Engineer: 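This is the structure I want to talk about, given as structure tokens.
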Amino acid sequence: MRKPVTLITGASGEIGHGLIERLAAAGEMPIITVDLQPLPRDHRDMVDREYLGSILEIHLLERILSEFEVRTIFHLAALLSTRAEFTPLAGHQVNVEGTLKLLDFAQSQGESHGRPVVFLYPSSIAAYGLPDLETKRAAGRLREHEWNQPTTMYGCNKLYCEHLGRYYDAHYKQLAAETLSGKVDFRSIRFPGLISADTVPSGGTSDYAPEMIHAAAQGRPYACFVRPDTRIPFMAMPDAVDALLGLAAADRTALTKPVYNIAAFNPSAGEIADLVRHGFPTAEISFAPDLKRQAIVDSWPEDVDDSTARADWGLAPRYDLARAFSDYLIPRIRQRY
Ligand code: SER
């Protein structure tokens, strides 16, 4: 018999970091991971099996299929928006072809053990694309179906994979004699920018917020690559992990859509700088906008409407902006450096 497990791809990344700790502490199901980068030592001890490799290696997924009964997948592996803009084909390969392989793997798993595989997919506010600042300000809080015209490769990849997930879940091989859909239980969250006290992101375009905080804590000057008035939604990492776990645990019959906005706070870059200076009075923060990265952030919404996530599966972030800084980021980052 194959052992029932939870699979995390991209487990060495920022979300994986917090997720492994929470899943291991809950202890409900053994964890297996896939990543190109090795897990930190303390996380390695929390997982049953660590596969070092790419999600694009079909043999790796076949090996997992033969050894484990995967019940839940957290598919976190991705190339973020800034990085994918330099290498769009690599972005497409990892973000789209990788996700397609994982969805197909989930379908095979579901067919082999007969239960739907719960597939958690982190999408992003990058799936939105507003044409200019005036429209962004007038649009305010976006609902999931609004302004789905991303300007980045990463955003296009995320939006398309939301559709692929919905396809596998509800319409897979719809012309076959027998019904094959329903083996993948696809659930997706459009994450805002995430800020962790434990890790720093790499290759994203919302990175200015975490970079500013971590630089200040290390006594390094920081030149922010967007204007002070730049505004997008953000969330503290523990709330992001809570949201993933909350959606994973939700009763499927309560879910009215495959993809959910989630929100916590949406400060301007200038407001973030003020909070950082408050926490680290010697912080040296300046603003030196990179017009091209600025344009990407300007195409993302200034806020999102997450009322459906709150109603369907009880999204309830613990940290508003003030508490994120006073109770989580500042004390924990200070301890870290
Ligand atoms: N935080 C991501 C990025 O900046 C967006 O999901 O690319």
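Since the model is a prediction, treat every value here as computed from it, not as a measurement. Every number for a ligand or one of its atoms is a count from 1 in the order of the listing.
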Engineer: Salt bridge or not between K136 and E302? Use side-chain N to carboxylate O under 4.0 Å.
Structural biologist: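 No.
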Engineer: Between E67 and R2, does any side-chain N to carboxylate O distance fall below 4.0 Å?
Structural biologist: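 Salt bridge absent between E67 and R2.
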Engineer: Is the shortest distance from a Lys or Arg side-chain nitrogen in D306 or R310 to a carboxylate oxygen in the other one below 4.0 Å?
Structural biologist: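 So D306 pairs with R310 through a salt bridge.
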Engineer: Please state which part of W300 comes within less than 4.0 Å of ligand 1, counting heavy atoms only: side chain, backbone, both or neither.
Structural biologist: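 The answer is the side chain.
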Engineer: Look at ligand 1 and say whether Y154 reaches it with a heavy atom at a distance under 4.0 Å.
Structural biologist: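 Right, Y154 reaches ligand 1.
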Engineer: Only heavy atoms count here, so choose which of S206, A127, G204 is nearest to atom 1 (N) of ligand 1.
Structural biologist: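 Among S206, A127, G204, the closest heavy atom to atom 1 (N) of ligand 1 belongs to S206.
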Engineer: Which of the atoms in ligand 1, numbered in the order shown and given with their element, are less than 4.0 Å from a heavy-atom of S124?
Structural biologist: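 Numbered from 1, ligand 1 contributes 5 (C), 6 (O).
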Engineer: Which atoms of ligand 1 sit under 4.0 Å from any heavy atom of L80?
Structural biologist: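 Those qualifying, in numeric order: 7 (O).
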Engineer: Should you measure from each heavy atom of T205, which atoms of ligand 1 turn up under 4.0 Å away?
Structural biologist: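 In order of number, 3 (C), 4 (O), 7 (O).
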Engineer: Heavy atoms only: give me the nearest V276-A216 pair and the separation to one decimal.
Structural biologist: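 V276 and A216 have their closest heavy atoms at CG1-CB, 3.4 Å.
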Engineer: Check T82, D207, T205 against R293 for a side chain to side chain donor-acceptor pair (under 3.5 Å) and give me the one that passes.
Structural biologist: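 For R293, the side chain to side chain donor-acceptor pair (under 3.5 Å) check succeeds only for T82.
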Engineer: Would S81 count as being in polar contact with ligand 1, using the rule that some N or O on each side must be under 3.5 angstrom apart?
Structural biologist: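 Min N/O separation from ligand 1 is below 3.5 Å for S81.
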Engineer: Can you list the steps and then say if F234 with Y208 is a ring pair (Phe, Tyr, Trp, His ring centres under 6.0 Å)?
Structural biologist: CA-CA 11 Å; F234 281 99; Y208 59 90; 5.8 Å; yes
